[in-house]
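Worksheet: one structure, shown below.
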2 protein chains.
Amino acid sequence: MVGKTDNDDVLERWISQARKGYFEMLLLARVSAGRAYGYQIVASLKHAPGFENLAEGTVYPVLSRMKKDGLVTAEWVAEETGAPRKYYTITDRGAAALARMRAVWTRMGEVLDAQGDTA
Amino acid sequence: MVGKTDNDDVLERWISQARKGYFEMLLLARVSAGRAYGYQIVASLKHAPGFENLAEGTVYPVLSRMKKDGLVTAEWVAEETGAPRKYYTITDRGAAALARMRAVWTRMGEVLDAQGDTA
DNA sequence: GCAATATATATAGCAATACATAGTACATGG
DNA sequence: CCATGTACTATGTATTGCTATATATATTGC
């Protein structure tokens, strides 16, 4: 089996950096699509390309920070069976933040693409 | 004169995080467009939306790191007048890394956009 | 001639965030 | 009873953009 090359490791490190910021936006978008609980969010994101190895330890702290920043609300719900679940709902402030993040992300993409024409 | 709101500060902080990773890709793209020296790169990026306040202290360390990682080469050129300039040229390894970064960036955008459909 | 400004490059320290890892608790199945 | 799945929490580490500052040379205006 072919092991990882130096290039793979460099790109993995880069991806980790590139996700800073992006990941909060991604989670906000996910919650914006409909109220959800933590484990459910982790499980659904694991189906997205590139996130197969996503760990809970990556997701829960961001959800906590988003709650602290007022971007989402969190509510414990006791299930008939199983552990209680913490459901997250986006707030107006969170929806506004998400819109602005998307705009910035789009602009960053445009700035990137513009680098090829200004040699 | 209207000052910044909390929302502005939160977004500014977020932008700083969102630029991690992205900024290296941006500089690689800039150098990929044609060999350039540091001050010139700073000056041209300052015309890009969102980068009006870009500082040299942000750019030179990333150029240094890219050289150290073998993504670009650097070459001092003495000008007839003025201080000597350090010119940067992308390497094959840098071009390959840029292509992969772009692919990841595109995929991240797709994953983000997909969050609206999976409620 | 000197001060201010522009051009040109460099560096240290800090703040913030994704990630890895480990832990706790409850339910289920063999 | 143990392993696994479900569900959430805590902590330390690594890394990078940003701020602030420094140094050097050339040009311009008084």
Side-chain angles (χ1 to χ4, degrees), chain A residues 9-28 36-46 50-69 71 74-88 101 104 108, chain B residues 9-28 36-46 50-69 71 74-88 101 104 108:
Chain A
D9 288 344
V10 165
L11 193 72
E12 287 299 321
R13 268 201 350 265
W14 180 80
I15 289 175
S16 196
Q17 291 303 324
R19 284 182 181 176
K20 292 182 194 251
Y22 166 84
F23 199 64
E24 173 164 318
M25 175 172 59
L26 181 65
L27 288 190
L28 251 189
Y37 61 97
Y39 194 83
Q40 176 187 18
I41 294 173
V42 173
S44 73
L45 282 183
K46 278 186 168 183
F51 287 98
E52 294 82 8
N53 295 323
L54 189 64
E56 292 92 329
T58 299
V59 176
Y60 284 98
V62 181
L63 289 172
S64 281
R65 195 176 69 240
M66 282 161 51
K67 179 181 181 311
K68 184 166 67 63
D69 289 342
L71 307 183
E75 168 190 26
W76 279 106
V77 172
E79 299 297 329
E80 294 207 7
T81 73
R85 296 167 172 167
K86 195 180 257 182
Y87 279 86
Y88 296 88
M101 287 171 178
V104 171
M108 284 163 73
Chain B
D9 288 344
V10 165
L11 194 73
E12 287 299 320
R13 266 201 354 264
W14 180 80
I15 289 176
S16 199
Q17 291 303 325
R19 284 183 181 175
K20 292 184 194 264
Y22 167 84
F23 199 64
E24 172 165 319
M25 174 172 61
L26 181 65
L27 287 190
L28 251 188
Y37 61 100
Y39 193 83
Q40 176 187 19
I41 294 174
V42 174
S44 72
L45 282 183
K46 279 187 169 183
F51 288 97
E52 294 83 8
N53 295 323
L54 188 65
E56 292 90 335
T58 300
V59 176
Y60 284 99
V62 180
L63 289 173
S64 282
R65 196 176 70 241
M66 282 161 50
K67 178 180 181 312
K68 185 166 66 64
D69 289 342
L71 307 183
E75 168 190 31
W76 280 103
V77 172
E79 299 296 329
E80 293 207 9
T81 73
R85 294 168 174 166
K86 193 181 254 184
Y87 279 87
Y88 296 89
M101 288 171 177
V104 171
M108 285 163 72

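Below, chains carry the letters A, B, ... as their sequence lines are ordered, and counting in each starts from 1.
Between the C1' atom of D/dC8 and the CD atom of A/E75 lies a distance of 16 Å, rounded to the nearest Å. One can place OH of A/Y87 at 14 Å from C1' of D/dC8, the figure rounded to the nearest angstrom. Between B/L28 atom CG and D/dT16 atom P there is a gap of 13 Å when expressed in whole angstrom units. Separating the CD atom of A/E56 from the P atom of D/dG5 is a distance of 12 Å, rounded to the nearest angstrom. The NZ atom of A/K68 sits 15 Å away from the P atom of D/dT9 (whole-angstrom rounding). The distance between atom CE of A/M66 and atom C1' of D/dT9, rounded to the nearest whole Å, is 17 Å. If you take CZ of B/F51 and C1' of D/dG17, they are 11 Å apart, rounded to a whole angstrom. In this structure, CE of A/M108 is placed 10 Å from P of D/dG17, rounded to the nearest angstrom.
A 4.5 Å side-chain heavy-atom check between A/F23 and A/L27 finds at least one atom pair inside the cut-off. The shortest side-chain heavy-atom distance between B/V77 and B/Y37 does not fall under the 4.5 Å cut-off. Put simply, the side chain of A/W76 does not reach to within 4.5 Å of the side chain of A/R85, judged on heavy atoms. Looking at B/V62 and B/M66, their side chains come closer than 4.5 Å, going by heavy atoms from C-beta outward. Looking at B/W14 and B/R19, their side chains never come closer than 4.5 Å, going by heavy atoms from C-beta outward.
Contacts of B/W76 with the nucleic acid, taken as non-hydrogen atoms under 4.0 Å apart, involve only primed sugar atoms and P, OP1 or OP2. Backbone-only contact: A/S16 has heavy atoms under 4.0 Å from sugar-phosphate atoms and none from a base. When heavy atoms are screened at a 4.0 angstrom cut-off, B/Y60 is found touching base atoms of the nucleic acid.
For DNA chain C, the neighbouring residues in residues 77-85 of chain A, judged by any heavy atom under 4.0 Å, are A/G82.
When DNA chain C is scanned in the 5' to 3' direction for atoms under 4.0 Å from non-hydrogen atoms of chain A, the outermost contacting nucleotides are C/dT17 to C/dA27.
Under 4.0 angstrom from either OP1 or OP2 of D/dA14 there lies no side-chain N or O belonging to A/K20. For the pair A/Y39 and D/dT6, the criterion of a side-chain N or O lying under 4.0 Å from OP1 or OP2 is met.
Cation-pi geometry between A/R65 and A/Y60 is not met: the NZ or CZ atom fails to fall both under 6.0 Å from the ring centre and inside 45° of the normal.
No side-chain donor-acceptor contact under 3.5 Å links A/E12 to the backbone of A/V10. With A/Y22 contributing its side chain and B/M108 its backbone, the two residues share a donor-acceptor pair below 3.5 Å.
Between A/W14 and A/P61, the residue anchored closer to the 5' end of DNA chain D is A/P61, taking for each the nucleotide with the nearest heavy atom. Of the two residues contacting DNA chain C, namely B/G38 and A/Y22, the nearest-nucleotide position lying further toward the 5' end is that of B/G38. Residues B/D69 and B/G57 both approach DNA chain D. Their nearest nucleotides, taken by heavy-atom distance, put B/D69 toward the 5′ side.
Checked against side chain to side chain donor-acceptor pair (under 3.5 Å), B/Q40 has no partners two or more places apart in sequence or in another chain.
Between atom NZ of residue B/K20 and atom OG of residue A/S16 there is a gap of 11.5 Å, rounded to the nearest 0.5 Å.
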